[in-house]
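All of these numbers come straight from a predicted model, not from anything done at the bench. Here is the naming used below: chain letters follow the sequence lines, and residue numbers restart at 1 for every chain.
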2 protein chains.
Amino acid sequence: MGKGHVRLADVAKAAGVSQGTASNVFSRPDVVREEVRERVLNVARELGYGGPDIKGRLLRAGRVNAIGVAAVEPLTYFFDDPWARSLMTAIGEVCDASGTGIAVVSAMNEERLAWNINSALVDGFILLCVEGGERLVELTRQRQLPFIALALGIEDETIPAIGIDNVAGGTAAARHLLELGHRDMAILSIGDVDGLVGLVAPERVDPEMEATPRDRMHGYWQALAEYGIPCEAVPIQGTLHDRPSTITAMETLFSSANPPTAILAMSDKVALFAMQWLAERGLKVPEDVSIVGFDGVPEAATSLPRLTTVAQPFAEIARRSVTAILENVLPEDHEALDLELVVRDSTAPPRPR
Amino acid sequence: MGKGHVRLADVAKAAGVSQGTASNVFSRPDVVREEVRERVLNVARELGYGGPDIKGRLLRAGRVNAIGVAAVEPLTYFFDDPWARSLMTAIGEVCDASGTGIAVVSAMNEERLAWNINSALVDGFILLCVEGGERLVELTRQRQLPFIALALGIEDETIPAIGIDNVAGGTAAARHLLELGHRDMAILSIGDVDGLVGLVAPERVDPEMEATPRDRMHGYWQALAEYGIPCEAVPIQGTLHDRPSTITAMETLFSSANPPTAILAMSDKVALFAMQWLAERGLKVPEDVSIVGFDGVPEAATSLPRLTTVAQPFAEIARRSVTAILENVLPEDHEALDLELVVRDSTAPPRPR
DNA sequence: TCAAGATTTTGAATCGATTCAATATGGCGG
DNA sequence: CCGCCATATTGAATCGATTCAAAATCTTGA
């Protein structure tokens, strides 16, 4: 800053007290005599001293009172991806309650990310492991701070993580459509693997697909099996979790001889893109096509029609992760929290043929 | 963390070199002889030393490489308010490019906020001054770090700020509707003042309204005046910038004898709530009612129909603020950037009577 | 072989606070 | 007036690194 940056020592000297006393004036005012306190505060004001610098305090105290949330994504991810935002909102609520700050740390390339993780001033990390989870975990581990992984697709049980029961969630979604009477369905899968775009054969799911979509898929299949429908009977359209690939998928699906009466989307984001496409094509949801999303992001509650979805317990996930970090008691095993089917207006029985 | 936290000094001693050399091994490896470097690194590995602790480095260097974005709102504001998110996304983009981190700092009550501002480990602040701007600025000023205020409603020219030309923006919005032929309009204003809810008389605007909505209002009025329409002829419905008050406003507006054919909304958020209400009531946009928003948030581009709006230059605002903070060259005067009318599908000529 | 110059390494100061044992001051009872 | 106890204040150590002038070591050329 300016040339003459005032520090506590300057104030102490100018006020004619020891540095210890000056420190107490600010951090434990009750312990110093009122008269002295006044004097020190006055001097501080005159000198333009704005209170103890956090950097000094930090070094001594070692605690920052902030947690970092990290992802292998650009920074904008935290503010425009619906899932990330839902989580951040929930985390924000918990942090607000406990007076904890949030630093978002991210980067696209590994080198930058390593640097960012190492230089983030936080007491611990919450890792959003949607993609590139291993690298992220490894980088964070080196930092030797408490961390917890969310949406982890890794089996390694030594990594503290909180997960969700994607299989059960998928089953609930598919079962809901089956109970309504749908038999012709299609699946909109998500992922970052370029090879899994367009029609995906079921036998490629296990070896090639990432953990989250794979589990959701198995959930769908499980419900379908209950109704005697083999997985080959339900086309899987792979998307890259963005609008273009979703639109392509929808076009393929609905240009076929017998288009589906219901769609199982692996995320609300993709489901909402699909709904937009349907609306533009003049297909009515849920009269012509039913659709079930996944995640339970807020947009799903305000869309038109409101989207039926399988909701993640964001608040619970946030609560557990933040307290785990702040109290440094990390879960021993991978917990899998329950998802909840939220039935709204995007699902109805199929039109009678 | 654990009892035996290894620090640089430990590594140095164990490797039999001075602390200075050990430091160089990590921060300027080229300056130390390869043989020594190897030895130190090996010892570090053995001891489980994870590289220089950022806290120590920070104290010396004084630079954190992160900027704080602060608002007098709960933390969740940054992740769910459309305007805040647009800005954060833009800021994120700039920070990504320069390898800078972002810490979000916020709080509802003043005491907490003061603490958060004082303890945020950042090189400077961007202040989102939508409400409670004065307190926020004052608090930040004490911190003696560079800061820049956005959306500032304060005249004080000594506060570094980047603003937008709300008057011109309002004029552009109203002029657009007038050119389409609308003569019966209504204004949806925004604000945090409880008294300005429901029908607001024009003479209350200047004394009671916050700066941003006041300027936008004057912009509207200016265009109306060009067409010879007095401001009394255009009802102003005050909202609290949330859904309930917007719905109440719309209900009042459309239960009147001659409802408006066009709506001037002071934010996209309110405009989108209004559009939803219209859709639920079976009123078609733009056939039955035209509507112009304000801000240019991304949701406005994907709504159905896509919303005509006056867009803020978020990228430019972000670029200027971030570089101002990082390079500590703060604007001398209040700059007012231009807004851009983005015509989309929510505006059309009124139905012929 | 030696001086000059180049390269490494050292050691101590520094960043800005907090902490705590030791000391000073004040009040009070005897 | 003294001793004791409680309260206030001091001074130095500490947190964990970086920095830089000075010292040590190594090259090089004469």
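Considering only the side chain of A/Arg7, C/dG16 comes nearest among D/dT10, D/dT18, C/dG16. In this structure, the nucleotide among D/dG11, D/dT18, C/dT9 sitting nearest to the side chain of B/Ser23 is D/dT18. With C/dG16, C/dT9, D/dT19 as the choices, the nucleotide that has an atom nearest any side-chain atom of A/Leu59 turns out to be C/dG16. The side chain of A/Arg33 has D/dT9 as its nearest neighbour among C/dG11, C/dT19, D/dT9. The side chain of B/His5 sits closest to D/dG16 out of D/dT9, D/dA17, D/dG16. Of the candidate nucleotides D/dT18, C/dA17, C/dT9, D/dT18 has the atom lying nearest to any side-chain atom of B/Pro52.
In this structure, A/Glu34 places its CD atom 11 Å from P of D/dA8, rounding to the nearest Å. Following rounding to the nearest Å, A/Gln144 (CD) and D/dG16 (P) show an atom-to-atom distance of 13 Å. Remark: P of C/dT8 and CZ of B/Arg37 are 10 Å apart, rounded to the nearest angstrom. In this entry the distance linking CG of A/Asp53 with C1' of D/dC15 reads 15 Å, nearest Å. A/Leu121 places its CG atom 13 Å from the C1' atom of D/dG16, with the value rounded to the nearest Å. What separates NZ of B/Lys13 from P of C/dG11 is a distance of 13 Å, to the nearest Å. Note: CG (A/Asn118) to P (D/dA17) measures 12 Å, nearest angstrom. Atom P of nucleotide C/dT8 and atom CG of B/Asp30 are separated by 10 Å, given to the nearest angstrom.
One can find a donor-acceptor pair under 3.5 Å joining the base of C/dA17 and the side-chain atoms of A/Gln19. Looking at B/Arg57, its side chain has no donor and acceptor atom pair within 3.5 Å of the base of D/dT18.
Nearest-nucleotide assignment on DNA chain C puts the 5′-proximal partner with B/Thr21, out of B/Thr21 and A/Asn24. Residue order along DNA chain C, read from the 5' end via each residue's closest nucleotide, puts B/Val36 first among A/Leu8 and B/Val36.
The ring of A/Phe79 has its center closer than 6.0 angstrom to the ring center of B/Phe79.
Going from atom OG1 of A/Thr158 over to atom CD of A/Glu332 covers 11.0 Å, rounded to the nearest 0.5 Å.
The phosphate of C/dG16 has neither OP1 nor OP2 within less than 4.0 Å of any side-chain N or O from A/Tyr49.
B/Asp123 places a side-chain N or O within donor-acceptor distance of the main-chain N or O of B/Val64, the cut-off being under 3.5 Å. B/Asp295 contributes no side-chain N or O that, together with a main-chain N or O of B/Val297, makes up a donor-acceptor pair within less than 3.5 Å.
Note on A/Asp10 versus A/Lys13: no salt bridge recorded, every NZ/NE/NH1/NH2 to OD/OE distance being 4.0 Å or above.
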